[in-house]
Structure formats: C-alpha cells, structure tokens
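The sequence lines fix the lettering, A, B, ..., with proteins before strands; numbering per chain opens at 1.
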Amino acid sequence: MRYWLFKSEPNKFSIDDLAASSDQTTAWDGVRNYQARNFMWKQMNIGDQAFFYHSCCPQPGITGMAEVTRPAYPDATQFDSKSRYHDPKANLENPRWFNVEITLIQKTRLLTIKELRQYPELKRMRILQPGNRLSITPVDPDEWQFILRILKA
DNA sequence: GCCAACGTTGGC
DNA sequence: GCCAACGTTGGC
C-alpha cells in the first residue's frame with residue numbers, strides 16, 4: 001500500500017465537491033503530465049491512501065483524506081473533442097492518459113502549507129520544494145504517519 | 001502581479 | 001539529439 005498527495009484547485013474541484021460526488025467518489029481525470037500519469041497507471045492500487053490538497057487559493061494546504069477505489073483505466077476526456085482535455089494524438093486503441101478513481105475517507109481540518117513548513121520532519125516533502133508543480137506526488141510512510149499525528153493532536 | 005521552476009514543443 | 005522559446009503552475 002502506498003501513500004500519495006493529490007493537488008486540486010478548490011475553485012475547480014474542492015474537497016467539498018468530492019464529498020458531494022456520487023458515492024463520494026470521482027475519476028481523477030484530466031491529468032496531462034506523464035509523471036503523474038505513471039504514478040496512477042503503474043503504481044497505484046486499490047486501498048492506497050492520499051491527502052487531498054488545495055492549491056492556488058488563499059489558504060493552500062491539506063484538507064482531507066481519500067482512498068484509491070478503482071485502478072487506472074483510460075481517461076475518457078482524451079477522446080472527447082469537446083473537452084478541454086481532448087488529446088488528438090490519443091485513440092481508443094492507443095490511449096495515452098489514464099486515471100484512477102478516489103473516494104473520500106474524511107475531511108480534515110485545514111493543515112496549511114505554512115504549518116507544514118514548520119516541521120523539519122516534513123522538509124523533504126515534494127509539495128514543499130520550490131517550483132513543485134506535480135499534481136500527484138508520493139508521500140513517504142513516515143511523513144504520512146507524522147501528518148496523521150499532527151491532525152489528531 | 002511577480003517570479004521561479006520545469007515540462008513541452010519545434011526548428012535545426 | 002540539442003536547446004531556445006514558450007506555456008503553465010503555484011506560492012507569495
């Protein structure tokens with residue numbers, strides 16, 4: 001089982017949007033970065049857990065937890081010519097983009113990036129590195145447990 | 001709005 | 001295959 005962090009802009013898809021989704025589940029489609037795709041396609045399994053992170057907003061930070069509930073399958077939006085995620089180079093025989101589905105475990109209090117930066121134990125987290133732009137990043141098990149303790153404290 | 005980081009594109 | 005230009009991300 002692995003741990004992850006999923007970034008989302010709350011004005012596009014927030015933790016509350018996930019909570020309001022059918023079965024509190026959503027397809028994590030629209031990813032158009034090969035590294036993030038490969039994490040979903042090659043490394044994620046059912047039961048993997050993830051922090052849900054709000055970015056590009058007044059208070060960026062971790063705001064909930066989710067679980068992978070369906071392994072990677074071809075992202076439907078790549079075939080949809082009306083979608084902003086349409087990829088003319090993709091076709092049904094050779095899909096380029098894949099997505100998993102995630103389900104809300106629970107909302108948490110907002111654990112801001114400012115607070116995360118205060119813990120030396122977390123300084124290696126990808127999300128805290130300058131210029132970090134990857135929308136899906138692995139989270140170290142030690143970091144996962146440490147953050148859980150912060151949230152329970 | 002600024003700026004740094006970095007992925008992608010395309011000419012050669 | 002190199003590399004400059006460009007676009008996007010995202011914290012501040």
Side-chain angles (χ1 to χ4, degrees), chain A residues 2-21 26-44 48-68 71-102 104-140 142-151 153:
Chain A
R2 290 187 170 95
Y3 300 104
W4 306 95
L5 184 143
F6 283 60
K7 274 196 299 206
S8 187
E9 298 183 27
N11 60 359
K12 293 183 181 151
F13 191 84
S14 72
I15 189 78
D16 288 322
D17 292 326
L18 178 59
S21 299
T26 191
W28 205 256
D29 57 15
V31 170
R32 294 295 178 270
N33 170 285
Y34 288 103
Q35 215 179 335
R37 176 202 68 175
N38 289 344
F39 285 143
M40 289 196 284
W41 190 20
K42 310 279 192 187
Q43 294 197 27
M44 281 189 202
D48 282 9
Q49 301 198 338
F51 292 124
F52 195 101
Y53 179 93
H54 281 174
S55 67
C56 286
C57 58
Q59 294 261 66
I62 290 171
T63 187
M65 292 159 56
E67 181 173 3
V68 174
Y73 59 96
D75 178 336
T77 63
Q78 69 191 306
F79 309 122
D80 177 0
S81 61
K82 291 191 280 292
S83 168
R84 65 176 292 231
Y85 298 117
H86 178 237
D87 184 345
K89 292 177 187 162
N91 58 64
L92 286 166
E93 292 72 33
N94 280 302
R96 296 177 124 194
W97 305 109
F98 293 80
N99 64 262
V100 296
E101 286 183 2
I102 61 168
L104 181 69
I105 296 174
Q106 62 181 78
K107 290 174 64 173
T108 64
R109 76 172 172 90
L110 178 66
L111 180 50
T112 63
I113 188 169
K114 191 178 168 192
E115 186 175 349
L116 291 170
R117 287 192 196 286
Q118 291 173 0
Y119 298 101
E121 292 89 341
L122 301 178
K123 67 171 189 291
R124 287 174 51 249
M125 282 190 81
R126 188 78 175 259
I127 195 79
L128 301 181
Q129 307 310 311
N132 150 69
R133 295 191 307 154
L134 201 53
S135 63
I136 297 172
T137 49
V139 173
D140 202 86
D142 290 341
E143 293 164 349
W144 177 272
Q145 298 300 337
F146 187 81
I147 292 170
L148 285 195
R149 284 201 293 278
I150 297 171
L151 287 169

Would you kindly give the [atom1]-to-[atom2] distance between [X] and [N], to the nearest whole Å?
X	N	atom1	atom2	result
A:Ile136	C:dG10	CD1	P	12 Å
A:Arg133	C:dC12	CZ	P	17 Å
A:Arg117	C:dC12	CZ	C1'	10 Å
A:Asn33	C:dG7	CG	P	18 Å
A:Trp97	B:dG7	CH2	C1'	11 Å
A:Lys89	B:dG10	NZ	C1'	10 Å
A:Tyr34	B:dT9	OH	P	7 Å
A:Lys12	C:dG10	NZ	C1'	11 Å

Would A:Glu121 and A:Arg149 pass as an ion pair if we require N to O under 4.0 Å?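 Not counted as a salt bridge, because no side-chain N and carboxylate O are separated by less than 4.0 Å.
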Mind checking whether A:Ser8 and A:Tyr53 have side chains closer than 4.5 Å, heavy atoms only?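 Answer no - side chains too far apart.
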Could you check if a side-chain atom of A:Arg109 sits within less than 4.5 angstrom of a side-chain atom of A:Leu151, using non-hydrogen atoms only?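 Yes, at least one pair of side-chain atoms sits under 4.5 Å.
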Of the options B:dG7, C:dG10, C:dC12, whose atoms approach the side-chain atoms of A:Ile113 most closely?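 For the A:Ile113 side chain, the nearest candidate turns out to be C:dC12.
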Can you check whether A:Arg32 has a side-chain N or O nearer than 4.0 Å to OP1 or OP2 of C:dT9?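 No, no such contact exists.
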Within less than 4.0 Å of OP1 or OP2 of C:dT9, is there a side-chain N or O belonging to A:Lys7?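 Answer no for this pair, as no side-chain N or O of A:Lys7 is under 4.0 Å from OP1 or OP2.
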Heavy-atom count around A:Arg117 CZ within 6.0 Å, excluding the residue itself: above 12?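 Counting neighbours around CZ of A:Arg117, more than 12 heavy atoms of other residues, nucleotides or ligands fall under 6.0 Å, so yes.
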